[in-house]
Amino acid sequence: MSSQLKSAIDNGMGILNGIVGDYLHQAKNPLATEMGIYLDGNPVPLSKSGFENHYPQATPNLCILIHGLTNTESIWQFKQATHLDYGKLLAQDAAYTPIYLRYNTGLSIEMNGRLLTQLLETLLQCYPTTVDQITLMGFSMGGLLIRSANHLAAKTPEHYRWPSLVKKSVYIGTPHQGASLEHFGHWVTRATGAVPKEYMKVISDLIDTRSQGIKDMRYGNISTEADPLHFSPHQEHFFISGGLSGSGNVWFEKLLGDGLVNQSSAHAKQLVPEGTKMKNQHFEGLGHLALARSPDVYTQLKEWLA
Amino acid sequence: MSNTNTEIAVTETLSQDRLPALYNKPAQGTGALLTHEQLGGLIDLTDVAFQEAVRVVERTHRAIANEPFEILQKIPVTAPVSEVVRQVHEGVTELTYSMVKGGGKLATLLARGVVNLRQR
């Protein structure tokens with residue numbers, strides 16, 4: 001069996017789940033991805049022995065890497081060196097143990113956040129050695145999952161050990177204040193639906209056939225609650241954005257950003273409360289996907305996390 | 001994996017009808033390109049996508065066809081004839097799309113049969 005074919009199928013599944021994952025989940029279709037931890041494209045059983053077998057050299061510092069919409073954990077692989085990614089480099093340079101999450105990105109962010117709270121707690125029970133520190137790293141939608149899980153865990157802190165172990169959270173190209181492309185998708189749906197012609201309504205319904213996960217990206221919704229906890233005061237938060245405008249034109253940047261998310265949204269400028277420990281960095285010339293696998297971004301991550 | 005007290009508390013607090021079981025269940029995709037179940041899921045999804053696509057085409061067809069019929073209906077000279085034509089058109093449309101949808105269902109059944117045979 002070709003590993004390239006398996007990888008292509010996995011990536012196809014990621015795209016399928018991103019677009020109609022909520023439907024697949026509701027219909028109990030076996031193509032729906034279940035949240036899990038993956039290593040080299042294979043699932044790691046959530047058991048003590050499973051972790052002992054897969055992580056024989058587990059270290060006390062964990063880095064959980066959470067991919068974005070329509071992705072799988074392969075999004076982290078460097079284009080020119082697919083055997084490398086931020087997790088593996090952090091393992092080499094700073095003795096982190098990288099843990100790669102795979103999940104159904106078509107589900108609502110809140111639901112995935114709920115699953116993540118459970119999974120992180122289970123992970124602590126299965127992990128072969130004592131955990132000193134957890135770093136959460138989310139790309140695009142993955143960053144919203146981090147915030148959603150933190151918000152949900154903060155509501156019943158007596159049930160969770162993991163939030164007290166998370167010292168640093170990294171958000172890479174995360175649309176904290178919404179993604180412009182989904183705003184556009186929503187606008188097109190409404191505009192076509194408003195035309196008083198039945199066939200335009202058909203087109204509108206067709207465009208509207210996208211998952212709840214995609215729709216949540218419009219405003220960066222992490223919860224259905226009115227005022228969720230946006231950023232845990234006990235953690236240090238790191239924001240990374242990309243930009244394709246080149247010219248530094250403000251309007252162009254606002255519209256285009258990294259192709260999907262603009263700098264203001266990625267740095268969560270309107271959401272971070274005063275006094276929050278945070279740092280941010282902008283990478284002009286890097287598009288959205290490139291942010292997940294760039295040597296330049298890694299240099300910055302190493303400075304922050306190592 | 002054993003169910004410790006902490007796990008039970010966590011699961012109870014967060015339990016929702018549709019939460020996939022994270023416990024005592026290995027994740028899917030262990031080795032094979034597509035499992036038998038996933039292949040079945042792919043066939044189901046293809047069927048749903050096909051039926052939806054036919055429904056979209058049918059809705060669009062009917063919406064566009066209704067426009068001239070509505071205009072002809074307002075003209076006294078053409079109204080009676082157009083009504084007859086409309087009904088014939090409706091009948092043929094209904095029959096055609098039902099056959100296409102039925103063909104899709106048949107193909108799904110066949111595909112499922114082949115997959116089940118291979119499984120044995």
Side-chain angles (χ1 to χ4, degrees), chain A residues 1-2 5-6 8-10 13 16 20 22-38 41-50 102-104 107 111 114-115 117-119 121-122 124-126 152-153 155-156 158-161 197-203 205-206 209, chain B residues 1-49 51-70 115:
Chain A
M1 180 186 68
S2 149
L5 184 58
K6 184 178 185 310
I9 289 176
D10 282 351
M13 291 281 205
L16 185 69
V20 291
D22 53 347
Y23 165 77
L24 294 174
H25 179 66
Q26 212 168 347
K28 294 188 168 42
N29 190 307
L31 295 179
T33 300
E34 286 185 12
M35 186 179 278
I37 290 164
Y38 279 69
N42 293 312
V44 176
L46 290 173
S47 64
K48 200 108 185 162
S49 60
R102 189 188 288 186
Y103 63 101
N104 178 348
L107 296 179
M111 186 157 178
R114 246 176 236 288
L115 293 169
T117 55
Q118 291 182 46
L119 186 115
E121 204 57 32
T122 311
L124 287 185
Q125 289 160 17
C126 302
L152 289 162
K155 284 166 65 177
T156 51
E158 65 278 14
H159 289 139
Y160 302 104
R161 275 193 303 143
K197 291 284 179 192
E198 182 58 25
Y199 51 83
M200 289 304 281
K201 285 193 173 56
V202 176
I203 295 170
D205 289 349
L206 205 60
T209 311
Chain B
M1 193 180 67
S2 64
N3 271 341
T4 63
N5 289 340
T6 321
E7 270 185 73
I8 293 165
V10 169
T11 315
E12 278 174 0
T13 314
L14 296 172
S15 70
Q16 287 202 346
D17 291 340
R18 303 207 312 254
L19 287 186
L22 283 171
Y23 304 97
N24 305 319
K25 191 178 175 188
Q28 76 265 45
T30 46
L33 282 181
L34 277 180
T35 63
H36 177 250
E37 287 75 23
Q38 286 177 321
L39 211 50
L42 186 63
I43 293 168
D44 287 347
L45 183 67
T46 309
D47 179 43
V48 170
Q51 300 291 331
E52 272 307 308
V54 175
R55 242 188 296 276
V56 166
V57 174
E58 184 179 2
R59 260 181 84 190
T60 313
H61 176 171
R62 286 181 191 275
I64 293 170
N66 272 344
E67 296 214 338
F69 282 129
E70 275 166 17
V115 169

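In what follows, chains are A, B, ... by sequence order, proteins preceding strands, each numbered from 1. Note that the structure is predicted; figures quoted are calculated from it, not measured.
- Heavy-atom proximity under 4.5 angstrom to chain A picks out Leu42(B), Asp44(B), Leu45(B), Val48(B) from residues 42-49 of chain B.
- Partners of Glu37(B) under the salt bridge (Lys or Arg N to Asp or Glu O under 4.0 Å) rule, at least two apart in sequence or in another chain, do not exist in this structure.
- Residue Leu16(A) touches chain B through its side chain alone, counting heavy-atom pairs closer than 4.5 Å.
- With a 4.5 Å cut-off on non-hydrogen atoms, Met13(A) touches chain B through its side chain but not through its backbone.
- With sequence neighbours left out, the side-chain hydrogen bond (donor to acceptor under 3.5 Å, both in side chains) criterion links Glu70(B) to no other residue.
- Contact annotation: the side chain of Thr209(A) never approaches that of Glu52(B) to less than 4.5 Å [non-hydrogen atoms, C-beta and beyond].
- Closest of all the heavy-atom pairs between Pro30(A) and Gly41(B) is CD-CA, 3.8 Å.
- The residue among Asp205(A), Asn29(A), Leu206(A) with the most heavy atom pairs within less than 4.5 Å of chain B is Asn29(A).
- Partners of His36(B) according to the side-chain contact (heavy atoms from CB on, under 4.5 Å) rule, which considers only residues two or more places apart in sequence or in another chain, are Val115(B), Asn116(B), Gln119(B).
- Electrostatic pairing of Arg62(B) and Glu198(A) does not count as a salt bridge here, judged by no charged N lying under 4.0 Å from a carboxylate O.
- Here the NZ-CD1 distance, from Lys197(A) to Ile64(B), works out to 10.5 Å after rounding to the nearest 0.5 Å.
- Contacts of Lys201(A) with chain B are made by both backbone and side-chain atoms, with heavy-atom separations under 4.5 Å.
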